There are 2 protein chains.
Amino acid sequence: MTRKRFDDMGCSVACALNEVGDWWSLLVVKQAMLGTRRFVDFQHSLGIAKNILCNRLSRLVDNGVMVRVDVGEHGKRYEYRLTDKGRDLFTVVTALRQWSERWNGEKDTMQLVDRQTGKPLAPVAVQNQQGQTLTVRDVRFVDEDGKPLEEAG
Amino acid sequence: MTRKRFDDMGCSVACALNEVGDWWSLLVVKQAMLGTRRFVDFQHSLGIAKNILCNRLSRLVDNGVMVRVDVGEHGKRYEYRLTDKGRDLFTVVTALRQWSERWNGEKDTMQLVDRQTGKPLAPVAVQNQQGQTLTVRDVRFVDEDGKPLEEAG
DNA sequence: CTTATTTGGTTTCTTAATGCAACCATTCTG
DNA sequence: CAGAATGGTTGCATTAAGAAACCAAATAAG
């Protein structure tokens, strides 16, 4: 059977997971954010099988998350770079990283700091328009008419 | 061959993906944030096969993201509820939802608003300690000694 | 109280995805 | 030119996913 499609469930989250929701895609994006661009470098840094990497890179390119740039002088030698869409996943990757560090402990010797100040980042949080942090209990899920759907819990 | 393990790669992101990195887990969490608690309700709202749902719920419980609460009066009748760890994924789910809406258009009739004001949420963003928004180019990746690793791209 | 239905699974079977290793054409390097 | 590296593709074995059938306990209907 074909894997279930997530892009027609009428849900933005499902649609996002359809593009980057598998085991490897977000790790490839994360690695690209660290500066990795070449096929072999992704392969070695992630320890991913070549055919899987090949498949994931193709899908990321198809979905506009990365681009394949020909950097060979006479022929084929490629770099995979993040697009604006791909770089915009920085929020998602960082939120995921911080969540893991908060609940599973520091598995990573690496740290992210503000390039200007050298200080660690603030925790990524959902905020209202005044900049106040909101939990899932502080929001309401409404339809297009503004009617509430269900209660969060 | 067994699926690659992500929890011993020395990467927090990989560790997070080991828990919620598959196609269904985050959707189950998202649905729980909408208020869904019962097995059949997850099944119908997500359109997921029963054995897969069973497996995902077990894994989420094992990882401390959800708890199974016995609500039967004399015997077994269960509810699955988010733990604090699970509710803390709100940031990740919201960031993913906003990313998808920004780049793939509104696939969702549902909207999230501040329960107090009724107004839409601010975009989830990575910020420094002064509250300024940072892109991936504004951060540096350093090791435990503060030495820079590679350049982001 | 008895029967029907719902709930929360498990089992079986088929198809798809993953991982590993081998192979291959082109392209740099020495 | 020889040899290594790059960026794949192919084949095979194992695992996961999806659909449907089946099932025991618990609840609802009458």
Side-chain angles (χ1 to χ4, degrees), chain A residues 1-9 14 17-28 31-32 35-63 66-81, chain B residues 1-9 14 17-29 31-32 35-63 66-82:
Chain A
M1 292 292 126
T2 317
R3 211 206 74 232
K4 190 116 185 168
R5 286 171 59 98
F6 283 165
D7 52 353
D8 53 358
M9 285 176 66
L17 291 173
N18 200 54
E19 296 189 354
V20 294
D22 71 297
W23 298 103
W24 283 114
S25 294
L26 264 190
L27 278 186
V28 171
Q31 196 61 38
T36 301
R37 293 182 169 185
R38 301 296 288 269
F39 188 93
V40 283
D41 293 334
F42 282 108
Q43 201 198 321
H44 294 142
S45 58
L46 294 175
I48 182 175
K50 294 172 81 169
N51 50 353
I52 307 296
L53 176 59
C54 209
N55 176 274
R56 290 305 179 275
L57 285 171
S58 302
R59 270 170 26 87
L60 289 170
V61 169
D62 288 346
N63 288 325
M66 304 189 79
V67 277
R68 192 170 84 151
V69 181
D70 192 332
V71 295
E73 294 192 0
H74 319 77
K76 54 179 181 182
R77 189 111 322 178
Y78 303 112
E79 279 187 4
Y80 291 89
R81 299 185 196 163
Chain B
M1 290 291 125
T2 318
R3 210 206 74 232
K4 190 116 185 167
R5 286 171 58 99
F6 283 165
D7 53 352
D8 53 358
M9 287 177 64
L17 291 173
N18 200 53
E19 297 189 353
V20 294
D22 71 296
W23 298 103
W24 283 114
S25 294
L26 263 190
L27 278 185
V28 171
V29 170
Q31 197 61 38
T36 302
R37 292 181 169 186
R38 302 296 289 270
F39 188 93
V40 283
D41 294 333
F42 283 108
Q43 200 198 322
H44 295 142
S45 58
L46 295 174
I48 182 175
K50 294 173 80 170
N51 49 353
I52 306 298
L53 176 58
C54 210
N55 175 275
R56 289 305 178 276
L57 286 171
S58 302
R59 271 170 26 88
L60 289 169
V61 169
D62 288 346
N63 288 325
M66 303 189 79
V67 278
R68 193 170 83 151
V69 181
D70 192 332
V71 296
E73 295 191 1
H74 318 76
K76 57 177 180 182
R77 188 112 320 179
Y78 304 112
E79 279 187 4
Y80 291 88
R81 298 185 196 161
L82 290 170

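Lettering of chains follows the sequences in order, A, B, ..., and the numbering in each one begins at 1. What you are looking at is a predicted structure, and each value in this text was computed from that prediction instead of being measured.
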Send over the distance from [X] [atom1] to [N] [atom2], rounded to a whole Å.
X	N	atom1	atom2	result
B/Arg37	C/dG8	CZ	C1'	18 Å
B/Asp22	C/dT18	CG	C1'	14 Å
A/Asn55	C/dG19	CG	P	11 Å
B/Ile48	C/dG9	CD1	P	13 Å
A/Lys4	C/dT15	NZ	P	18 Å
B/Leu53	D/dA16	CG	P	17 Å
A/Leu46	C/dC20	CG	P	13 Å
B/Asp70	C/dT7	CG	C1'	12 Å

* To do: Check the pair B/Phe42, B/Ile48 against side-chain contact (heavy atoms from CB on, under 4.5 Å), reporting the backbone distance first and the verdict last.
  => CA-CA 8 Å; B/Phe42 283 108; B/Ile48 182 175; 5.5 Å; no
* To do: Taking only the side-chain heavy atoms of A/Ile52 (C-beta and beyond), determine which of D/dA16, C/dG19, D/dG18 contains the nearest atom.
  =>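 From the listed options, C/dG19 comes nearest.
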* Quick one: are A/Arg81 and A/Val71 in side-chain contact, heavy atoms under 4.5 Å? ->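 Yes, their side chains come closer than 4.5 Å.
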* Do A/Asp22 and A/Arg56 have side-chain heavy atoms sitting under 4.5 Å apart? ->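 With C-beta onward as the side chain, the pair touches.
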* Decide side-chain contact (heavy atoms from CB on, under 4.5 Å) for A/Leu60 and A/Val20; before the verdict, give the C-alpha distance in whole Å, the side-chain angles of both, and the deciding distance to 0.1 Å. => CA-CA 8 Å; A/Leu60 289 170; A/Val20 294; 4.2 Å; yes
For [Y], does its backbone N or O pair with a side-chain atom of [X] as donor and acceptor, under 3.5 Å?
X	Y	value
A/Asp41	A/Arg37	no
B/Arg38	B/Tyr78	yes
B/Lys4	A/Gly47	yes

* Asked: Between the two ends of the helix from C/dC1-D/dG30 to C/dG30-D/dC1, what is the bend in degrees, rounded to 10 degrees, where each end axis spans five pairs?
  ->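 Axis angle across the helix from C/dC1-D/dG30 to C/dG30-D/dC1, nearest 10°: 30°.
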* To do: Determine, for nucleotides 1-8 of chain D in 5'-to-3' order, which nucleotides have protein heavy atoms under 4.0 Å from the base (write B), from only the sugar-phosphate (write S), or from neither (write -).
  => -----BBB
* Asked: Think B/Trp24 has a side-chain N or O under 4.0 angstrom from the OP1 or OP2 of D/dG18?
  ->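 For D/dG18, OP1 or OP2 has a side-chain N or O of B/Trp24 closer than 4.0 Å.
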* Asked: How is A/Asn51 classified with respect to the nucleic acid when contacts are heavy atoms under 4.0 Å: base, sugar-phosphate, or nothing?
  ->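 If one applies the 4.0 Å heavy-atom cut-off, A/Asn51 turns out to touch a base.
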* To do: Carefully, step by step, assess A/Tyr80 and A/Arg68 under the rule side-chain contact (heavy atoms from CB on, under 4.5 Å).
  => CA-CA 5 Å; A/Tyr80 291 89; A/Arg68 192 170 84 151; 3.1 Å; yes
